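In what follows, a structure is listed as structure tokens, so that the remarks can point back to it.
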Amino acid sequence: LFTLMGSITGGIDWIQATTCLKQVAPIFRVLFVFFIFFTVVGVLNILTGVFVERAGELCGLDKDLVIQSQLKQNKTFLTEMTKLFKEANVSNTGTLSWREFRNYLQDERAQAFFA
């Protein structure tokens with residue numbers, strides 16, 4: 001049992017194990033090689049596929065989180081810009097003149113915001 005486990009995990013060289021099995025009975029050597037082939041190609045590839053699929057799902061979740069975060073940043077930016085233009089529009093006309101904007105940029109808080 002330890003020889004089988006060591007052979008599939010790289011603990012021992014499975015060629016050495018088959019050399020010993022050949023001396024006991026040649027059929028054991030064939031069975032051992034079949035076990036190594038079945039385990040490495042079959043079972044371990046299935047396990048690898050499961051891990052890769054799960055990683056792909058997590059990547060998709062990360063992509064959704066990035067999109068959600070970007071949308072939230074865009075909304076925050078739009079809210080801040082709306083506040084800024086409303087604050088700069090001292091005449092409350094709903095439009096911002098160049099003079100109002102220039103005067104607003106002289107304010108220390110506005111300069112700090114744009115810095």
Side-chain angles (χ1 to χ4, degrees):
L1 189 60
F2 290 119
T3 304
L4 295 175
M5 185 63 167
S7 295
I8 63 171
T9 60
I12 64 170
D13 186 18
W14 62 274
I15 298 293
Q16 291 174 342
T18 58
T19 304
C20 295
L21 287 174
K22 181 181 178 184
Q23 296 171 357
V24 176
I27 189 70
F28 290 151
R29 185 178 188 186
V30 172
L31 290 174
F32 185 79
V33 170
F34 176 75
F35 170 78
I36 295 295
F37 176 78
F38 175 77
T39 303
V40 171
V41 173
V43 176
L44 294 180
N45 281 341
I46 290 171
L47 288 176
T48 302
V50 169
F51 284 118
V52 168
E53 182 179 343
R54 182 66 181 145
E57 290 173 4
L58 291 176
C59 181
L61 291 176
D62 287 344
K63 196 181 300 183
D64 290 340
L65 290 174
V66 168
I67 291 170
Q68 185 179 13
S69 174
Q70 186 63 42
L71 290 174
K72 185 177 179 180
Q73 285 178 356
N74 290 348
K75 185 177 180 180
T76 303
F77 176 76
L78 184 61
T79 303
E80 290 296 319
M81 286 293 112
T82 303
K83 286 180 187 177
L84 180 132
F85 283 111
K86 283 183 180 180
E87 191 176 307
N89 185 15
V90 292
S91 65
N92 290 328
T93 60
T95 59
L96 185 62
S97 69
W98 177 247
R99 184 183 311 167
E100 287 175 325
F101 186 67
R102 204 175 27 191
N103 290 339
Y104 182 72
L105 291 179
Q106 300 304 317
D107 186 12
E108 290 178 2
R109 292 181 306 143
Q111 290 175 1
F113 181 77
F114 287 115

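What you see is a predicted model, and the numbers here were worked out from it, not measured in a lab. What's counted below: heavy atoms across the whole structure, side chains too, no hydrogens, waters or symmetry copies.
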Out of curiosity, does [Y] fall in the hydrophobic cluster containing [X] (side-chain heavy atoms, cut-off under 4.5 Å, transitive links)?
X: F85; Y: L105; value: yes
X: V30; Y: F28; value: no
X: L96; Y: L78; value: no
X: V43; Y: I36; value: yes
X: L44; Y: V41; value: no

Taking every non-hydrogen atom, the tightest pair across Q106 and Q111: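 Looks like O-NE2, 3.6 Å.
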
To check you understand the geometry: which heavy-atom pair defines the closest contact between A110 and Y104, and what is its length?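 Shortest heavy-atom contact: CB-O, 3.3 Å.
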
Using the salt bridge (Lys or Arg N to Asp or Glu O under 4.0 Å) criterion, which residues pair with E80? Sequence neighbours excluded.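 Partners of E80 by the salt bridge (Lys or Arg N to Asp or Glu O under 4.0 Å) criterion come out as none, since no residue qualifies.
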
Evaluate the side-chain proximity of N89 to E100: yes if any heavy-atom separation is below 4.5 Å, no if none is.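 Yes - at least one pair of side-chain heavy atoms lies under 4.5 Å apart.
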
Indicate yes or no: at least one non-hydrogen side-chain atom of Q73 is less than 4.5 angstrom from one of Q70.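 Answer yes - side chains close enough.
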
Partner set under side-chain contact (heavy atoms from CB on, under 4.5 Å) for V33, not counting sequence neighbours: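 Residues passing side-chain contact (heavy atoms from CB on, under 4.5 Å) with V33: W14, T18.
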
If you measure from [atom1] on [X] to [atom2] on [Y], what distance do you get to the nearest 0.5 Å?
X: E87; Y: D107; atom1: CD; atom2: CG; result: 7.0 Å
X: F101; Y: L84; atom1: CZ; atom2: CG; result: 6.5 Å
X: S97; Y: N103; atom1: OG; atom2: CG; result: 8.0 Å
X: L71; Y: T76; atom1: CG; atom2: OG1; result: 10.5 Å

Does atom CZ (R99) have a neighbourhood of more than 12 heavy atoms from anything else shown, all under 6.0 Å?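 It does not: R99 CZ has 12 such atoms or fewer within range.
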
Can you establish whether the number of heavy atoms outside F35 located under 6.0 Å from its atom CZ is more than 12?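 It does: F35 CZ has more than 12 such atoms within range.
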
